[in-house]
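Below: the structure, in structure tokens.
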Amino acid sequence: MCIPTPLGPLWLEVSPLGVRRLEPALYPRGPEAEGALALRVREAVQAYFAGERPDFLDLPLDYTGLSPARLRLYERVRLVPYGRTVSYGALGRELGLSPRAVGAALRACPFFLLVPAHRVIHADGRLGGFRGRRG
DNA sequence: GCAGTATTGTATA
DNA sequence: TATACAATACTGC
């Protein structure tokens, strides 16, 4: 399932448990998402870009295959309030990880938008090395 | 195991 | 402001 957004098309994959991954459709591979859940996710994403929805907390995510550290991190980042930001260090201290581990886990995050990594920043308040900046 | 990493804090110029 | 270095935990091969 491809979801058109102002940032370009997003590639969506779902499983019976929930969203398996949602990324910019740069390298589309794997089976296309189908069913009610896929449609629901598409509407949610479009509602997000329409300003009607700040988060995707009601959408089920499939964490199967992810390590506990990543699972906890994603769950925690999803709870970041709208309009607020958290630093890598703060997340690391809360989860008992190192700031670098937070960055590494966030870099491998397959849930673009669903896990608002753009709200995770440096301790100084600067934007982190988000993928959307370059390349 | 080893190298890479979306960090942080301290030191130095 | 910019660079250099050490500590730290997880991902990916």
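If you're wondering where the values come from, they're calculated on a predicted model, not measured in any experiment. Chain letters run A, B, ... following the sequence lines, proteins first and then strands; every chain starts at 1.
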Pairwise distance [atom1]([X]) to [atom2]([Y]) - rounded to 0.5 angstrom:
X: A:E43; Y: A:R53; atom1: CD; atom2: CZ; result: 9.5 Å
X: A:F49; Y: A:L7; atom1: CZ; atom2: CG; result: 4.0 Å
X: A:L37; Y: A:S15; atom1: CG; atom2: OG; result: 8.0 Å

Any stem touching DNA chain B, meaning at least three consecutive Watson-Crick or G-U pairs under 3.5 Å, ordered by first number, would be B:1-5 with C:9-13, B:7-13 with C:1-7
What about A:L66 and A:L17, same hydrophobic cluster or not, with Ile/Leu/Val/Met/Phe/Trp/Tyr joined at side-chain heavy-atom distances under 4.5 Å?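 Looking at the clustering, A:L17 is in a separate group from A:L66.
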Atom-pair distance ([atom1] on [X]; [atom2] on [N]), nearest Å:
X: A:R126; N: B:dT7; atom1: CZ; atom2: P; value: 10 Å
X: A:L127; N: B:dT7; atom1: CG; atom2: P; value: 11 Å
X: A:R107; N: B:dG4; atom1: CZ; atom2: C1'; value: 8 Å
X: A:L73; N: B:dA6; atom1: CG; atom2: P; value: 15 Å
X: A:I121; N: B:dT8; atom1: CD1; atom2: C1'; value: 14 Å
X: A:L66; N: C:dA9; atom1: CG; atom2: P; value: 21 Å
X: A:Y88; N: C:dA9; atom1: OH; atom2: C1'; value: 16 Å
X: A:L106; N: B:dT8; atom1: CG; atom2: P; value: 12 Å

Residue A:A104, side-chain heavy atoms: nucleotide from B:dT8, B:dG4, B:dA6 that is nearest: B:dG4
Does A:D55 offer a backbone N or O that forms a donor-acceptor pair with the side chain of A:R78 under 3.5 Å? no
So, the side chain of A:D62 versus the backbone of A:T64: is there a donor-acceptor pair under 3.5 Å, distance only? yes
Determine: side-chain N/O of A:H122 to OP1/OP2 of B:dT8, distance under 4.0 Å, yes or no.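 It does, given that an N or O in the side chain of A:H122 lies less than 4.0 Å from OP1 or OP2 of B:dT8.
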Indicate the atoms forming the closest heavy-atom contact of A:A105 with A:L73, along with that distance. CB-CD2, 3.4 Å
Ignoring hydrogens, what is the shortest heavy-atom contact between A:L114 and A:F56? Give both atom names and the distance.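 The pair with the smallest heavy-atom distance is CA-CD1, 3.9 Å.
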Heavy atoms under 4.0 Å, any strand shown: does A:A123 hit a base, just sugar-phosphate, or nothing?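 Sugar-phosphate, no base atom in range.
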Within the sub-3.5 Å range, which N or O atoms of nucleotides 2-8 of chain C have a protein N or O partner, and how far apart are they?
residue, atom, partner, partner atom, Å
C:dA7, N6, A:R100, NH1, 3.1

Indicate the ring-plane relationship of A:H122 and A:Y88, choosing parallel, tilted or perpendicular according to the 30° and 60° boundaries. perpendicular
